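These values consider heavy atoms only, across backbone and side chains, with no hydrogens, waters or symmetry-generated copies. Remember, predicted model here, so these are calculated numbers, not experimental data.
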Amino acid sequence: MASPTLTTGAPDARKGGGARRVRRQLPASPWLFAAPGLLITGAFILYPFVSTLVNSFTDRRMLVPGEFVGLANFRELLHDDMFWIGLRNSSLYVLGVVPALVLLPLLLALLVQKNIPGITFFRSAFYTPVVASIVVVGLIWVWLLDERGLVNSLLETLGGSPVGFLSDQWLILLSAMGVTVWKGLGYYMIIYLAALANVPRELHEAAAVDGAGAVRRFLTVTVPAVRSTMVLVAALSSVAAFKVFSEVYLMAGPSGGPAGEDTTLVMLVQRTGTGLTGRVGYASAISVVVFAVTVVLMLLVLRADRKEDA
């Protein structure tokens, strides 16, 4: 059988020209592939961000271009009671939701990690709220927690009195937190399952041989092994909790509960900046504050992680 031969002669002019043309086109090829993503990012992320930042220094309204007013909008925030109410509620939301979403999904992941018959069903059941629409989930919980809903009906059947889950200022906020935690459990459980799969089984076996119980193995083996994942979950959940809108909006209503006491910052942005008379400039200033606080939250979580490493 004849072996293939390698031709080392010079290529003809036509082929050489074609090769040179291909080489000239190669540097631009990556940009052609990246162009759709860059256009989408620029149109729906970069441009709105720059536009919001610029509008925060103007008195623009929905139908009026507005003029440059400097820091007037930010000075007005300092004297706006609704802004401080929104900042308080958003901060309380972070304090109430983040610890639960860091710990409970980890415990849930440990529960469904075992390969036992029927565990796939429970994994799917725990993840189902994640794929459900937040509007659908919120409405379901509104029907459950209504004064004539299932929960209060059961309480009355047992001899109790109805609870104002959707009429009391603090119960509305706690109920919304419960919905956020319930819906986020499955999502963060999947993240923890991926991290737990990389924990060597030998570590647990060695700890068990040394006499460590389940709780001690959890604290000395599992938690250190998935600490970086816990930091990631804390960062993601804190940002999402501070920007909460749908849960509180559905449970408290557009007015933000009794006298607007359950209004969050994002709800205040929506209420202030929409409508024919919406104050776009003022709403943009609130949005800039929300962005700044979320960045600070991320930096605090990352700094705490670096200190722990040190």
Side-chain angles (χ1 to χ4, degrees), residues 81-105 108 122 124-190 236-275 278 283 286-287 290 294:
D81 293 336
M82 289 306 302
F83 169 76
W84 292 110
I85 290 175
L87 182 61
R88 177 200 66 191
N89 292 332
S90 296
S91 302
L92 289 175
Y93 215 89
V94 173
L95 295 177
V97 166
V98 173
L101 286 179
V102 171
L103 181 60
L104 294 181
L108 196 61
F122 289 99
S124 302
F126 291 140
Y127 193 75
T128 299
V130 178
V131 298
S133 169
I134 183 58
V135 176
V136 174
V137 170
L139 289 176
I140 290 174
W141 280 95
V142 166
W143 295 334
L144 289 174
L145 300 177
D146 189 73
E147 291 186 2
R148 298 183 180 179
L150 178 62
V151 175
N152 280 320
S153 298
L154 290 175
L155 290 176
E156 291 180 348
T157 301
L158 297 175
S161 56
V163 178
F165 294 105
L166 303 181
S167 57
D168 181 80
Q169 170 191 347
W170 300 112
L171 287 180
I172 291 175
L173 207 60
L174 289 174
S175 300
M177 291 180 187
V179 174
T180 299
V181 172
W182 180 76
K183 184 169 172 38
L185 281 176
Y187 176 78
Y188 296 113
M189 178 194 72
I190 297 297
L236 294 176
S237 59
S238 60
V239 172
F242 193 80
K243 298 190 301 181
V244 66
F245 173 79
S246 301
E247 294 92 322
V248 181
Y249 184 86
L250 290 170
M251 297 215 162
S255 60
E261 289 293 327
D262 290 297
T263 301
T264 63
L265 283 181
V266 178
M267 289 179 65
L268 186 61
V269 171
Q270 183 268 342
R271 187 188 309 165
T272 306
T274 57
I286 303 174
S287 300
V290 173
T294 54

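Between Leu103 atom CG and Leu108 atom CG the span is 11.0 Å, to the nearest 0.5 Å. The distance from atom CD1 of Ile85 to atom CG of Leu265, rounded to the nearest 0.5 Å, is 11.0 Å. With rounding to the nearest 0.5 angstrom, the CG atom of Asp81 is 12.0 Å from the OG1 atom of Thr263. A distance of 7.5 Å separates CE of Met251 from CH2 of Trp141, quoted to the nearest 0.5 Å. Residue Leu166 holds its CG atom at 10.0 Å from CG of Leu144, rounded to the nearest 0.5 Å.
In this structure the side chain of Met82 never reaches within 4.5 angstrom of the side chain of Thr272, judged on heavy atoms. Contact of the Ile134 side chain with the Tyr249 side chain is not registered, since no non-hydrogen atoms from C-beta on lie closer than 4.5 Å. Between Pro258 and Asp262, the closest side-chain pair of non-hydrogen atoms falls below 4.5 Å. Inter-residue side-chain proximity for Leu268 and Phe83 is flagged as met; some heavy-atom pair is nearer than 4.5 Å.
Under the rule for a side-chain contact (heavy atoms from CB on, under 4.5 Å), the partners of Val181 that lie at least two apart in sequence or sit in another chain are Val97, Ala100, Leu101, Leu104, Leu185.
A salt bridge does not link Arg148 with Glu156: every distance from a Lys NZ or Arg NE/NH1/NH2 to an Asp or Glu carboxylate oxygen is 4.0 Å or more.
The two residues Val137 and Ala132 have their closest heavy-atom pair at CG2-CB, 3.8 Å.
In this structure, Phe165 places its CZ atom where more than 12 heavy-atom neighbours from other residues, nucleotides or ligands lie under 6.0 Å away.
The aromatic rings of Phe126 and Phe122 sit tilted relative to each other, their planes meeting at an angle between 30° and 60°.
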